[in-house]
Amino acid sequence: MSKRLIGPHKSSFSHSHTLRLSHGYHPRMNVAKSGYRVFSANSTTACTELAKKITERLGVELGKSVVYQESNRETRVDVKESVRGQDIFIIQTIPRDVNTAIMELLVMAYALKTSCAKNIIGVIPYFPYSKQCKMRKRGSIVCKLLASMLAKAGLTHIITMDLHQKEIQGFFSFPVDNLRASPFLLQYIQEEIPDYRNAIIVAKSPSAAKRAQSYAERLRLGLAVMHGEAQCSESDMADGRHSPPSVRNTTGHPGLELPLMMAKEKPPITVVGDVGGRIAIIVDDIIDDVEDFVAAAEILKERGAYKIYIMATHGLLSADAPRLIEESAIDEVVVTNTVPHEVQKLQCPKIKTVDVSMILAEAIRRIHNGESMAYLFRNITVDD
């Protein structure tokens, strides 16, 4: 009897039944494996607005989960539905409490990983710690540390927007789609700024010249670059230490003596380009501490610009930024909704928002369906 059961003469019914069991066939299971879920890892209501807009565009419901802080500030995540075998997208917008948001993302990713999710894709429009992507004195490259933490937690892919430095993508061991907000900001300039043909694109520092040039070329406008003592470069910040010593040490071997370097002295503020009688549009990727932007606006006013616009992807607008903008010569600050800033808009009517949920939703749909992402990067240059 045992030979009939396992031998070549067993019935066709038992053979097909065995195949179904061995391949895990089940109609409902196949449907589940082909699906995807979208979750929000934020515990604050203001940060879930972008996730709601994305799910509305996708025509899906936001995944059922609970993210909250214990009384001792520990992060707890409870996923309320099955995610086995599915593509999971975690939308995480970064509020002022950056470190809490990072922990929420890590804990949720790990919870989904241990719940047997097939792929875990992080949708992080503003990638935190992106300014700490270079070695400074005895510091560390925190952005690379965060990339390693996300991989260890279980993320297999990331969708982000306008990384502070595009080289950050090399820190990750999995794919990164770095979307661009420039098409939305360019559309705002063309549709919402009267007489934009009389505008000039301004880079508030030489390091921002490439981005400004890209905007100027596509709008067929002129370009101006600001340079001088009003700018403060991250690499020039003094930390109170002098290592190696600034004086030459003559006690060592003569062959080891190095030539003394001349100290940097920034020239007076200079605007390379004619802004007189023009609308000045300053473009950048992040606007956080606005002192530099306020100072740049005052200089441009002195040079004859009659309107000042600031265009940036990520509007962090920390501390007293809304008040400083309201009291400055800046006429309007335009940012996207990658970072929640509704409170800042109530404090300063000059702040305007451009919705980028459309491109994020399309990126989610294309990744899940295995479609090319090239369409989202059409007419996009490396310098954007």
Side-chain angles (χ1 to χ4, degrees), residues 42 44-50 93-101 125-132 161-162 164 181 184-185 188-189 192-194 199-205 207-208 211-212 224 226 228-234 236-237 269 271 275 278-356:
N42 289 112
T44 55
T45 306
C47 295
T48 59
E49 292 303 318
L50 180 60
T93 50
I94 307 297
R96 290 189 178 185
D97 191 357
V98 176
N99 295 329
T100 298
Y126 166 64
F127 194 79
Y129 286 97
S130 58
K131 284 188 175 182
Q132 298 190 47
M161 181 168 284
D162 282 340
H164 186 57
F184 298 91
L185 297 176
Y188 184 93
I189 292 173
E192 302 296 333
I193 299 181
I200 185 167
I201 305 298
V202 180
K204 73 176 182 65
S205 65
S207 61
R211 182 186 300 271
M226 302 185 69
E229 61 187 4
Q231 309 305 321
C232 179
S233 174
E234 293 177 11
D236 295 333
M237 291 187 296
I269 190 69
V271 180
V275 298
R278 301 284 193 91
I279 301 171
I281 303 176
I282 303 175
V283 298
D284 213 332
D285 62 328
I286 299 173
I287 176 168
D288 189 3
D289 299 325
V290 298
E291 286 83 357
D292 287 351
F293 290 93
V294 171
E298 292 176 356
I299 296 296
L300 292 171
K301 280 285 186 181
E302 293 175 4
R303 298 293 194 276
Y306 68 91
K307 273 193 175 181
I308 312 292
Y309 287 83
I310 310 291
M311 312 292 293
T313 304
H314 310 296
L316 306 186
L317 302 169
S318 301
D320 293 332
R323 179 182 60 81
L324 294 173
I325 292 171
E326 188 66 25
E327 297 172 356
S328 71
I330 299 171
D331 292 280
E332 200 167 277
V333 174
V334 183
V335 294
T336 71
N337 57 345
T338 56
V339 177
H341 53 267
E342 293 304 318
V343 175
Q344 289 89 330
K345 287 180 70 175
L346 293 174
Q347 298 171 353
C348 178
K350 293 181 179 181
I351 301 172
K352 308 297 181 183
T353 307
V354 175
D355 182 21
V356 293

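Since the model is a prediction, treat every value here as computed from it, not as a measurement.
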Participant: Only pairs at least two apart or in different chains count here, so list each ring-ring contact (aromatic ring centres under 6.0 Å, His included) that has a residue in residues 319-344.
Facilitator: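 Sorted pair list comes back empty.
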Participant: Taking side chain as C-beta onward, heavy atoms only, is Val290 less than 4.5 Å from Ile330?
Facilitator: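 No, side chains not in contact.
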Participant: Looking at Met161, is its backbone amide N or carbonyl O close enough to the side chain of His314 to form a donor-acceptor pair, meaning the two atoms are under 3.5 Å apart?
Facilitator: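 Yes, His314 side chain to Met161 backbone: donor-acceptor pair under 3.5 Å.
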Participant: Measure the spacing between CG of Asn337 and CZ of Phe184 and express it to the nearest 0.5 Å.
Facilitator: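 Here the interatomic distance stands at 9.5 Å.
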Participant: Nearest heavy-atom pair of Ala312 and Ile287: which atoms, and what distance?
Facilitator: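 Closest pair (atom of Ala312, atom of Ile287, distance): CB-CG2, 3.7 Å.
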Participant: Between Asn42 and Thr48, is any side-chain donor less than 3.5 angstrom from a side-chain acceptor?
Facilitator: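 The criterion, which ignores hydrogens and geometry beyond distance, is not satisfied for Thr48 and Asn42.
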Participant: With side chains defined as the heavy atoms from C-beta onward, is the minimum distance between Leu50 and Pro125 less than 4.5 Å?
Facilitator: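 Yes, at least one pair of side-chain atoms sits under 4.5 Å.
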Participant: Only one of Thr353, Asp162, Val356, Asp355 forms a side-chain contact (heavy atoms from CB on, under 4.5 Å) with Thr336, so which one is it?
Facilitator: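 Exactly one candidate clears the test, Val356.
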Participant: Measure the shortest side-chain to side-chain distance between Asp284 and Ile282 over non-hydrogen atoms and say whether it is less than 4.5 angstrom.
Facilitator: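 Answer no - side chains too far apart.
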Participant: Can you find a pair of side-chain heavy atoms, one from Asn99 and one from Tyr129, that are under 4.5 Å apart?
Facilitator: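 A side-chain contact exists here, since the closest heavy-atom pair is under 4.5 Å.
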Participant: Heavy atoms only: give me the nearest Ala296-Lys204 pair and the separation to one decimal.
Facilitator: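 Taking Ala296 first and Lys204 second, the nearest heavy atoms are CB-CB, 4.5 Å.
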Participant: Quick check: closest heavy atoms across Gln344 and Leu316, and the distance to 0.1 Å?
Facilitator: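 For Gln344 and Leu316, the tightest heavy-atom pair comes out as NE2-O, 3.6 Å.
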Participant: Quick check: do Ile325 and Ile310 have side-chain heavy atoms less than 4.5 Å from each other?
Facilitator: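 No, every pair of side-chain atoms sits at 4.5 Å or beyond.
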Participant: Quick one, Ile286 and Lys131 - any side-chain contact, counting heavy atoms below 4.5 Å?
Facilitator: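 Ile286 reaches Lys131 side chain to side chain.
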Participant: Nearest 0.5 Å, what's the CZ-CE distance between Arg211 and Met311?
Facilitator: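 It is 12.0 Å, given to the nearest 0.5 Å.
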Participant: Once you round to the nearest 0.5 Å, how far does CD1 of Ile299 lie from CE of Met226?
Facilitator: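 Interatomic distance, Ile299 CD1 to Met226 CE, rounded to 0.5 Å: 5.5 Å.
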Participant: Got a list of side-chain donor-acceptor pairs under 3.5 Å for residues 301-309, not counting sequence neighbours?
Facilitator:
unit_1 : atom_1 : unit_2 : atom_2 : d
Lys301 : NZ     : Tyr306 : O      : 3.1

Participant: Where the side chain of Thr93 meets the backbone of Cys47, is there a donor-acceptor pair that is under 3.5 Å apart?
Facilitator: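 It does hold such a pair.
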Participant: Return the minimal non-hydrogen interatomic distance between Val283 and Ala212, and the atom names on each side.
Facilitator: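 Answer, listing the atom of Val283 first, then Ala212: CG2-CA, 3.6 Å.
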Participant: Show the nearest heavy-atom pair for residues Ser328 and Lys350, with the distance to one decimal.
Facilitator: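 In terms of heavy atoms, the two residues are closest at O-NZ, 3.2 Å.
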Participant: Does any part of the side chain of Glu327, heavy atoms only, come nearer than 4.5 Å to the side chain of Val294, both counted from C-beta?
Facilitator: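 Not in contact.
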Participant: Side chains of Tyr126 and Asp285 only: does a donor on one sit below 3.5 Å from an acceptor on the other?
Facilitator: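 Their side chains do not contain a donor-acceptor pair, so the 3.5 Å distance test is not met.
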Participant: Please examine the side chains of Pro349 and Glu326, heavy atoms only from C-beta on, and report whether any two atoms are closer than 4.5 Å.
Facilitator: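 The answer is yes, as the side chains (C-beta and beyond) meet within the 4.5 Å cut-off.
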Participant: Partners of Phe293 by ring pair (Phe, Tyr, Trp, His ring centres under 6.0 Å), sequence neighbours excluded?
Facilitator: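 For Phe293 there are no ring pair (Phe, Tyr, Trp, His ring centres under 6.0 Å) partners, ignoring immediate neighbours.
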Participant: About how many Å separate CD1 of Ile279 and CD1 of Ile193, when rounded to the nearest 0.5 Å?
Facilitator: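 These two atoms lie 6.5 Å from each other.
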Participant: Measure the OG1-CD distance between Thr45 and Glu342 for me, rounded to the nearest 0.5 Å.
Facilitator: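 Interatomic distance, Thr45 OG1 to Glu342 CD, rounded to 0.5 Å: 13.0 Å.
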